[in-house]
Visitor: 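Submitted below is the structure of interest, expressed as structure tokens.
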Amino acid sequence: MALVTNSIKGTLDTLPSSSYKLQYIESAVKEIAENYGFYEIRTPVFEHTELFNRSVGETTDVVQKEMYTFTDKGGRSITLRPEGTAGAVRSFLEHGLFNEPLPQKVFYLTSCYRNEKPQAGRLREFHQFGVESFGAATPAADAEIIALANEVFNYLGVNNLSIEINSIGCPTCRAEYHKALKEYFAEHKSELCDTCLSRFDRNPMRILDCKSPVCSEIAEKAPVITDFLCEDCNEHFELVKKYLNGMDIDFSVNPQIVRGLDYYTRTVFEFVSNEIGAQGTVCGGGRYDGLIEELGGKPLPACGFAMGIERLMLLMEAQKSEFPERKKCDLFIASMGENANIKAAAIANDLRNEGISVQFDTASRSVKAQMKFANKIGAAYTMVIGDSELENGIIKIKNMADGIEKEINLSNFTDEFQSEIIRQAMSEFESLGLNDIDISNILGGLS
RNA sequence: GUGGAUGUAGCUUAGUUGGUUAAAGCGCCAGUUUGUGGCACUGGAGAUCGUGGGUUCGAAUCCCAUCUUCCACCCCA
């Protein structure tokens with residue numbers, strides 16, 4: 001193995017036959033984000049390892065066993081970003097964006113890296129669309145980002161997603177809750193699975209997440225975080241729900257939702273699907289009021305989410321969502337003979353400059369083979385140029401959908417206007433969609 | 001990191017109890033008389049049967065290892 005022709009485990013190539021689908025998702029997501037007032041931030045793929053240790057949390061699985069960390073030639077410990085929030089916060093602080101009007105709302109669309117065992121919906125290099133709202137304290141901000149995520153799915157025609165929200169409180173009320181949880185699970189310690197036993201000390205809230213039937217049955221009767229929220233946290237959570245109701249966004253409160261990154265406080269939420277296998281969380285996020293301070297800034301509330309592009313793609317494939325068609329060739333120019341070949345290239349060049357998708361033969365094939373090729377690439381129109389066409393200037397343009405041909409005479413026109421004649425001829429075929437090209441004023445200038 | 005399954009031409013697969021030049025369909029390329037595609041026909045290229053060992057006179061077929069992919073655990077997007 002280890003041949004140069006093998007990609008790295010857990011990575012994906014996106015080929016021309018499907019890249020247009022990703023482009024569609026990306027442009028949709030960008031447009032929606034900007035409608036919500038979020039603008040793009042781009043940060044490096046790698047950062048100081050310490051940044052992730054501090055933000056994501058030393059005890060998390062992500063930091064402990066999933067990061068791609070290496071030492072660079074200067075002896076610094078560098079890590080490929082496992083998520084997008086840390087870099088965004090770092091950049092926010094480094095460039096003093098807290099001095100700009102708050103809240104600062106940013107989005108990113110980038111690759112992330114986690115050294116996990118790949119499976120459906122989980123890759124080692126994957127892509128996230130995420131937003132962050134810095135300096136936004138109110139429940140309205142939480143609701144706004146949930147609405148944004150919801151809008152993305154709606155726009156892309158994804159359905160059957162459930163929005164699950166929870167509040168994990170602030171450090172103060174969470175401490176109370178931890179105590180109560182530990183007391184409860186202590187009574188059932190003998191029944192818990194091995195992993196949950198280890199979680200008992202490390203992070204008892206994660207036991208709530210366990211999928212083993214025994215543990216989840218025990219967890220069902222466990223104390224619920226929402227009963228332990230302090231007054232402020234409770235009010236915040238209630239208001240988030242009111243805002244969501246106000247926007248007609250369906251959600252359910254799920255006390256089991258516990259995020260695996262340390263920086264979350266108060267609101268947490270997930271968009272979950274059961275159609276793409278075990279990794280059903282397509283989008284996850286929440287509030288992280290302590291993170292900016294943790295990374296050395298002044299205390300500033302914030303919230304955000306991240307959406308897995310590959311999971312979204314999986315979901316869209318599973319639901320057979322519609323994608324706009326890939327851009328196809330408008331005109332293929334078949335030619336034979338050196339002079340005609342050169343003429344074909346010249347015409348193609350003119351038309352391309354006008355924004356029309358044109359291709360010509362670069363494999364020196366027979367006219368028949370060129371026509372076959374034109375058919376395969378889905379060219380809407382073709383024309384053939386040979387000796388006789390060069391001589392009398394009369395060229396046939398063929399509509400590939402119905403085979404109807406149309407003659408045009410280019411002999412009385414300069415090179416510069418020949419391409420306009422061709423364009424007009426193409427637009428006169430009403431069956432295919434080039435009619436919207438308006439060339440009337442250019443042609444008007446001819447006569 | 002743990003467990004289960006998988007791996008034959010670009011793709012989808014066939015390969016019988018281990019036995020001569022590893023099949024097929026699709027795709028690709030080229031032809032089917034004069035310079036025009038979609039149909040049909042003909043021909044061609046293309047596989048060291050994931051990789052490395054081993055058993056055997058002989059292995060795509062058996063054994064071991066390793067890698068990949070897939071599925072689940074774990075964790076997360």
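In the text below, chain A, chain B and the rest are named by the order of the sequence lines, each starting its count at 1. Atoms considered below: every heavy atom in the structure, side chains included; atoms not considered: hydrogens, waters and symmetry mates.
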Visitor: In whole angstrom, give me the gap between the P atoms of B:rU68 and B:rG27.
Guide: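 Each nucleotide's P atom is 34 Å from the other's.
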
Visitor: Taking any strand in view, what nucleotide pairs with B:rC41 in a Watson-Crick or G-U wobble way, both distances under 3.5 Å?
Guide: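 Its partner is B:rG31.
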
Visitor: Can you check whether any acceptor in the base of B:rG35 is under 3.5 Å from a donor in the side chain of A:S388, or vice versa?
Guide: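 Under the 3.5 Å cut-off, the side chain and the base do form a donor-acceptor pair.
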
Visitor: Taking a pair as Watson-Crick or G-U wobble with both distances under 3.5 Å, which nucleotide is matched to B:rC49?
Guide: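 Across all strands, not a single nucleotide pairs with B:rC49.
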
Visitor: Within the structure shown, what part of the strands sits under 4.0 Å from A:G84 by heavy-atom distance: base, sugar-phosphate, or nothing?
Guide: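 No contact.
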
Visitor: Just by modelled atom types, is the A:E164 backbone N or O under 3.5 Å from a matching donor or acceptor in the A:E270 side chain?
Guide: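 Checking the backbone N and O of A:E164 against the side chain of A:E270, no donor-acceptor pair under 3.5 Å is found.
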
Visitor: Charged N to carboxylate O below 4.0 Å: is that the case for A:E47 and A:R81?
Guide: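 Not counted as a salt bridge, because no side-chain N and carboxylate O are separated by less than 4.0 Å.
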
Visitor: Looking at B:rA77, B:rG37, B:rC74, which one has an atom nearest to any side-chain atom of A:T281?
Guide: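 Closest nucleotide to the A:T281 side chain: B:rA77.
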
Visitor: Going through the distances and angles, do A:E132 and A:Y288 end up as a side-chain hydrogen bond (donor to acceptor under 3.5 Å, both in side chains)?
Guide: CA-CA 10 Å; A:E132 315 290 351; A:Y288 48 95; 2.4 Å; yes

Visitor: If I pick the P atom on B:rU21 and the same atom on B:rG25, what distance separates them, to the nearest angstrom?
Guide: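 Nearest-Å result for B:rG25 against B:rU21 at atom P: 22 Å.
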
Visitor: Please report the distance separating the C1' of B:rG3 from the corresponding atom of B:rC74, rounded so that it comes out in whole Å.
Guide: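 Those two atoms are separated by 11 Å.
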
Visitor: Looking only at N and O atoms, is any donor in the side chain of A:K398 or the base of B:rG37 less than 3.5 Å from an acceptor on the other one?
Guide: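 For A:K398, whose side chain was compared with the base of B:rG37, there is a donor-acceptor pair (under 3.5 Å).
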
Visitor: Scan A:G130 against the nucleic acid and name what it touches under 4.0 Å (heavy atoms): base, sugar-phosphate only, or nothing.
Guide: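 Nothing: the residue A:G130, judged by heavy atoms under 4.0 Å, touches no strand.
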
Visitor: Check whether the side chain of A:N375 and the base of B:rG37 form a donor-acceptor pair under 3.5 Å.
Guide: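 Pair found.
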
Visitor: Can you figure out which of B:rG35, B:rA77, B:rG37 approaches the side chain of A:K372 most closely?
Guide: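 Taking heavy atoms from C-beta onward, the closest nucleotide is B:rG37.
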
Visitor: Just the rounded figure in Å: distance from P of B:rU2 to NZ of A:K117.
Guide: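 Whole-Å distance recorded here is 7 Å.
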
Visitor: With distance as the sole criterion, do the side chain of A:E389 and the base of B:rG35 form a donor-acceptor contact below 3.5 Å?
Guide: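 Pair found.
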
Visitor: Contact class for A:E405 (heavy atom, under 4.0 Å): base, sugar-phosphate, or nothing?
Guide: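 Touches a base.
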
Visitor: Relative to the 5' end of RNA chain B, which residue comes earlier, A:K9 or A:E83, by the nucleotide with the nearest heavy atom?
Guide: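 Closest to the 5' end, via its nearest nucleotide, is A:K9.
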
Visitor: Please measure how far the P atom in B:rG7 lies from the corresponding atom in B:rU12, and state the result in whole Å.
Guide: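 Approximately 12 Å lies between the P atom of B:rG7 and that of B:rU12.
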
Visitor: Near A:R365 CZ, under 6.0 Å, is it more than 12 heavy atoms from other residues, nucleotides or ligands?
Guide: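 It does: A:R365 CZ has more than 12 such atoms within range.
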
Visitor: Could you tell me whether A:A306 contacts a base, only the sugar-phosphate backbone, or nothing, with contacts defined as non-hydrogen atoms closer than 4.0 Å?
Guide: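 Sugar-phosphate, backbone atoms only, no base.
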
Visitor: Does the side chain of A:F129 reach to within under 4.5 Å of the side chain of A:C283, using non-hydrogen atoms?
Guide: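 When only atoms from C-beta onward are counted, A:C283 and A:F129 do not touch, as no gap falls below 4.5 Å.
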
Visitor: Let me know the distance between CG of A:L315 and C1' of B:rA77, rounded to the nearest Å.
Guide: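 The distance from CG of A:L315 to C1' of B:rA77 comes to 12 Å, rounded to the nearest Å.
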
Visitor: Under 4.0 Å, heavy atoms only, any strand: does A:A334 hit a base, just the sugar-phosphate, or nothing?
Guide: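 Here A:A334 touches no strand at all.
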
Visitor: For A:V282, answer base if it contacts any base atom (sugar-phosphate contacts may also be present), sugar-phosphate if it contacts only those atoms, and nothing otherwise; contact means non-hydrogen atoms under 4.0 Å.
Guide: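 Sugar-phosphate only.
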
Visitor: Grab the CZ-P distance between A:F360 and B:rG37 for me, whole Å please.
Guide: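 In whole Å, B:rG37 P lies 22 Å from A:F360 CZ.
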
Visitor: Applying a 4.0 Å non-hydrogen cut-off, can you work out what A:G10 is touching in the nucleic acid: base, sugar-phosphate, or nothing?
Guide: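 Result for A:G10 = sugar-phosphate.
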
Visitor: Between B:rU48 and B:rC28, how far is it from one C1' atom to the other, in whole Å?
Guide: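 Those two atoms are separated by 22 Å.
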
Visitor: Check if the side chain of A:R122 and the base of B:rC71 share a donor-acceptor pair of N or O atoms closer than 3.5 Å.
Guide: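 There is none.
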
Visitor: Which pair of heavy atoms, one from A:F228 and one from A:P223, lies closest together, and at what distance?
Guide: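 Looking at all heavy atoms of both residues, the shortest contact is CE1-CB, 3.7 Å.
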
Visitor: Ring of A:F373 versus six-membered ring of B:rG37: centres under 5.5 Å and planes under 30°?
Guide: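 It does not: the two rings, one from A:F373 and one from B:rG37, miss the stacking criterion.
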
Visitor: Can you check whether A:Q119 has a side-chain N or O nearer than 4.0 Å to OP1 or OP2 of B:rA72?
Guide: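 Affirmative; the distance criterion is met.
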
Visitor: Measuring only the C1' atom in each nucleotide, how far is B:rC62 from B:rC49? A whole number of Å is fine.
Guide: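 Roughly 16 Å separates the two C1' atoms.
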
Visitor: When you check the gap from the basic side-chain N to the acidic O, do A:E389 and A:K343 get nearer than 4.0 Å?
Guide: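 Looking at A:E389 and A:K343, the cut-off is not met.
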
Visitor: Do A:N254 and A:S252 have side-chain atoms, one donor and one acceptor, less than 3.5 Å apart?
Guide: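 A:S252 and A:N254 do not have a side-chain donor-acceptor pair below 3.5 Å.
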
Visitor: Which part of the nucleic acid, if any, lies within reach of A:L123 when heavy atoms closer than 4.0 Å are counted: base, sugar-phosphate only, or nothing?
Guide: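 Base contact.
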
Visitor: May I have the distance from A:D13 (atom CG) to B:rU68 (atom C1'), rounded to whole angstrom?
Guide: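 My rounded result for the distance is 14 Å.
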
Visitor: Taking pairing as Watson-Crick or G-U wobble with both contacts under 3.5 Å, can you name the mate of B:rG25, or confirm there isn't one?
Guide: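 B:rG25 is paired, partner B:rC11.
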
Visitor: What is the distance from CG of A:N6 to C1' of B:rG7, rounded to the nearest Å?
Guide: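 Taking CG of A:N6 and C1' of B:rG7, I get 12 Å after rounding.
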
Visitor: Think A:K368 has a side-chain N or O under 4.0 angstrom from the OP1 or OP2 of B:rU36?
Guide: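 So the side-chain polar atoms of A:K368 never come under 4.0 Å of the phosphate oxygens OP1 or OP2 of B:rU36.
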
Visitor: Rounded to whole angstroms, how far apart are NZ on A:K65 and P on B:rG1?
Guide: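 Value for this atom pair: 11 Å.
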
Visitor: Indicate, with a heavy-atom threshold strictly under 4.0 Å, whether A:Q279 touches base, sugar-phosphate, or nothing.
Guide: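 Base contact.
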
Visitor: Given atom NZ of A:K376 and atom P of B:rG37, what is their separation to the nearest angstrom?
Guide: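 Value for this atom pair: 12 Å.
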
Visitor: With rounding to the closest Å, how many angstrom separate the C1' atoms on B:rU51 and B:rA60?
Guide: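 Going atom to atom, C1' in each nucleotide, I get 14 Å.
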
Visitor: C1' atom, B:rA45 versus B:rA30: distance in rounded Å?
Guide: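 Their C1' atoms lie roughly 10 Å apart.
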
Visitor: In whole angstrom, what separates A:R365's CZ from B:rU36's C1'?
Guide: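 Going from A:R365 (CZ) to B:rU36 (C1'), I get 14 Å.
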
